[in-house]
Amino acid sequence: MPAIRIENWERFLVSILGPSSPFGQHDFIIRRIHSLVGLVPIGAYLIFHLATNAAIIDGVAAYQHRADQIHRLGPTTIFVLEWLFIFLPILFHGMIGMLIVARGERNVANYPYGGNVRYTLQRWTGAIAFVFILWHVFHMHGWIRAEWWISGVASRFGGHRFDPENAYSAAEAIRASWLIIVLYAIGVLASVYHLANGIWTMGITWGVWTSPHAQQWAKIPCLTFGLLLGFLGLGSLYAMVAAEPPQTLVAPDTANIPPAIHASPRS
Amino acid sequence: MSNTRHPHPNGEPRASQSDGRPGRNFNVVVLRQDGPGRPSYWERHIVEYEQDMNCISVLQKIAANARTADGRKVAPVAWDCNCLEEVCGACTMVINGRVRQACTALVDRLLQDNPEQIELRPMRKFPVIRDLMVDRSRMFNTLKKLKAWVPVDSYLDMGPGPRQSQENQQMAYVLSKCMSCGCCLEACPQYLKIELERKEGETEEEFHARERELHDRAFIGAMGIAAVDLFNTNPVGRMTATERLDALVAEGGIQICGNAQNCVKVCPKEIPLTTSIARAGRAATVHMLKRWFDR
Ligand code: SF4
Ligand code: SF4
Ligand code: FES
């Protein structure tokens with residue numbers, strides 16, 4: 001019986017984490033920051049990230065152009081921005097989130113209500129998205145830009161596959177295996193669900209929509225937002241898989257150069 | 001249930017007919033426990049069908065008979081009840097997997113849903129005292145922590161209280177119907193059980209003080225949040241609103257709610273708990289900002 005397992009698990013958690021929250025007196029503020037950080041910067045970045053990736057739908061050249069625009073900021077600025085506004089907030093949100101997941105029970109079997117299903121999915125997608133993002137950052141970015149790490153560890157274990165100079169490398173990394181494509185699809189959908197449903201629960205937590213009618217109504221924009229973002233994410237993923245390799249890499253402009261000039265230095 | 005001796009007693013004899021028609025028998029399985037901290041075990045009883053039975057009359061029959069389905073003589077099953085009309089909440093238990101009041105759980109309906117048997121077990125979120133009786137003192141401690149009352153103790157005549165708007169009255173009336181049954185807590189995935197064992201040589205008072213301390217740090221639950229909402233909208237209660245808001249955002253406060261909204265679905269008094277949670281959430285947001293900027 002699953003009920004048996006849950007109670008044992010609970011008892012175990014209570015024994016190691018204490019009877020109430022793992023955050024003690026700072027519970028309220030930590031959870032409110034956790035909630036806020038999920039929206040800004042993480043949620044905002046997810047929208048930005050999926051929207052910029054969607055440039056691949058317009059072709060590899062457009063995608064390269066987008067990458068160039070971002071990376072024009074220079075390595076130091078990018079380093080500061082990505083750690084301050086992306087990595088650290090995600091690590092914080094994810095780790096606090098895992099503790100929150102551990103401090104609740106799943107009881108959809110006995111109480112199969114829509115709200116409870118969404119609550120349970122919120123925990124599942126949160127955990128999936130966190131693990132996915134940890135791997136995804138490693139896979140594309142490598143986490144640490146130091147030379148010894150990239151050549152010694154990241155590249156060796158299939159990480160650091162994205163080269164901003166050759167943005168097409170992202171598409172290559174994704175289509176390397178059907179498993180990676182599936183993992184990306186799951187990761188994107190989990191993140192999008194977690195954000196869309198998270199915005200809805202945030203509205204209750206912070207007291208934006210209070211009446212049942214308002215809460216019901218608020219589901220519509222959240223659902224619409226989630227569907228649009230989901231389509232955008234999956235569309236970009238599809239475009240990544242279908243992308244044509246950039247012409248420049250296959251035939252580096254030699255076709256346009258007259259053979260005579262081309263040949264002269266060698267002769 | 002780490003200590004359940006065996007799951008449903010499949011091997012034991014069952015009532016021959018259990019379709020719930022008059023004059024037939026039906027099965028009742030009860031999750032029993034002989035005392036606090038003791039192992040629990042399932043026991044099957046056969047109950048003779050009568051018209052218009054509810055789970056309390058089923059339990060009365062079981063107690064009168066005090067024999068299991070295989071004819072073993074056992075101590076009568078213990079349970080709580082009082083009003084028998086769903087206003088006291090004493091008889092709350094988990095019936096066929098769902099928390100509700102036994103006095104209004106009608107046998108005809110239960111057998112319609114599951115003609116096989118009726119399953120009774122104590123609430124899982126509270127320590128069992130015996131069989132279906134649980135210790136819900138944590139709810140009372142929560143109400144004390146939240147100061148869920150209107151302070152009017154005084155020897156002086158303070159004159160008539162402030163007037164309440166019609167709208168306010170109606171809202172307060174709905175919230176005041178709470179009978180502290182604990183259904184909302186039982187169904188809440190964020191509300192976890194707290195069960196303490198008495199240490200050796202510990203006096204009753206010491207034990208309860210230790211328990212109170214743990215209760216004060218654990219989740220207050222939907223019932224507690226609705227109580228804050230109720231007393232903070234009362235014109236007199238509002239005078240001590242800050243104290244309640246402090247307790248609302250303290251350890252174990254409203255922040256633990258994960259918006260599963262099971263509470264509002266199972267509340268027998270149809271209290272708009274999720275509305276209270278959102279309103280209290282808004283009050284908590286404002287309170288937090290005030291406390292930050294008014295330091
Ligand atoms: S709010 Fe409803 S379910 Fe919760 S204790 Fe009160 S009456 Fe029971
Ligand atoms: S809405 Fe909050 S209090 Fe109600 S069941 Fe869900 S987590 Fe518990
Ligand atoms: S006996 Fe009072 S609610 Fe059932």
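Chain A is the first sequence line, chain B the second, and so forth, proteins listed ahead of strands; every chain is numbered from 1. These values consider heavy atoms only, across backbone and side chains, with no hydrogens, waters or symmetry-generated copies.
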[X] side chain near [Y] side chain, heavy-atom distance below 4.5 Å:
X	Y	answer
B/R98	A/N110	no
A/W209	B/T275	no
A/T205	B/C257	no
A/R103	B/L192	yes

Would B/K193 and A/E105 pass as an ion pair if we require N to O under 4.0 Å?
->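 Salt bridge: no.
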Does atom [atom1] of [X] have more than 12 heavy-atom neighbours from other groups under 6.0 Å away?
X	atom1	answer
B/E213	CD	no
A/F225	CZ	yes
A/Q25	CD	no
A/F231	CZ	no
B/K177	NZ	yes
A/W83	CH2	yes

Practice problem: Report the C-alpha distance between A/R118 and B/N259 in whole Å, list the side-chain angles of each, state the deciding distance to 0.1 Å, and finish with yes or no for side chain to side chain contact (heavy atoms under 4.5 Å, CB included). | Solution: CA-CA 9 Å; A/R118 287 194 299 276; B/N259 296 308; over 6 Å; no
Relative to chain B, which segment of [X] carries a heavy atom at a distance below 4.5 Å: side chain, backbone, both, or neither?
X	result
A/Q122	neither
A/V208	backbone
A/I30	neither

- Message: So which atom in A/N116 and which in B/P189 form the shortest heavy-atom distance, rounded to 0.1 Å?
- Response: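 Shortest heavy-atom separation between A/N116 and B/P189 comes out as OD1-CG, 4.1 Å.
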Self-check item: Side-chain (A/Y111) to main-chain (B/V99) donor-acceptor, under 3.5 angstrom
Solution: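 Present.
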Point to revise | Main-chain N/O of B/Q255 paired to A/D27 side chain as donor or acceptor, under 3.5 Å | key: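 It does not hold such a pair.
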Please say which of B/I254, B/L248, B/I256 ends up in a side chain to side chain contact (heavy atoms under 4.5 Å, CB included) with A/F28.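 Running side chain to side chain contact (heavy atoms under 4.5 Å, CB included) over B/I254, B/L248, B/I256 with A/F28 returns exactly one hit, B/I254.
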Margin query: Using heavy-atom distances under 4.5 Å, tell me whether B/A250 contacts chain A through its side chain, its backbone, both, or neither.
Written below: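 For B/A250, no heavy atom lies under 4.5 Å from chain A.
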Requested in this report: Counting only heavy atoms closer than 4.5 Å, note whether B/A284 contacts chain A via side chain, backbone, both or neither.
Outcome: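 Contact with chain A involves both backbone and side-chain atoms of B/A284.
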I'd like to check the side chain to side chain donor-acceptor pair (under 3.5 Å) partners of B/T274; sequence neighbours left out, ordered by chain and number.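 Result, side chain to side chain donor-acceptor pair (under 3.5 Å) vs B/T274: none returned.
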field: From OH (A/Y119) to SG (B/C188), nearest 0.5 Å
entry: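 Going from the OH atom of A/Y119 to the SG atom of B/C188 covers 7.0 Å.
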Self-check item: B/Q261 side, atom CD; A/Q215 side, atom CD - distance, nearest 0.5 Å
Solution: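 Going from CD on B/Q261 over to CD on A/Q215, the span is 5.0 Å.
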Query raised in the report: Passes side chain to side chain contact (heavy atoms under 4.5 Å, CB included), B/V264 versus A/Y113? Steps please.
Result: CA-CA 11 Å; B/V264 76; A/Y113 312 125; over 6 Å; no
Which residues from residues 189-204 of chain A are near chain B, with near meaning under 4.5 Å between non-hydrogen atoms?
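Those residues of residues 189-204 of chain A which have a heavy atom under 4.5 Å from chain B are A/W200, A/T201, A/I204.
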Could you work out, with salt bridge (charged side-chain N to carboxylate O under 4.0 Å, His left out) as the rule, every residue matching B/R32, not counting sequence neighbours?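 Result, salt bridge (charged side-chain N to carboxylate O under 4.0 Å, His left out) vs B/R32: B/E43, B/D131.
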*Can you list the residues that meet the salt bridge (charged side-chain N to carboxylate O under 4.0 Å, His left out) rule with B/D246, with sequence neighbours excluded?*
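For B/D246 the salt bridge (charged side-chain N to carboxylate O under 4.0 Å, His left out) partners, ignoring immediate neighbours, are B/R291.
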**Request:** For side chain to side chain donor-acceptor pair (under 3.5 Å), just list the numbers for A/R32 and B/T285, CA-CA rounded to whole Å, side-chain angles, deciding distance to a tenth of an Å, and then say yes or no.
**Result:** CA-CA 9 Å; A/R32 280 293 169 101; B/T285 306; 2.8 Å; yes
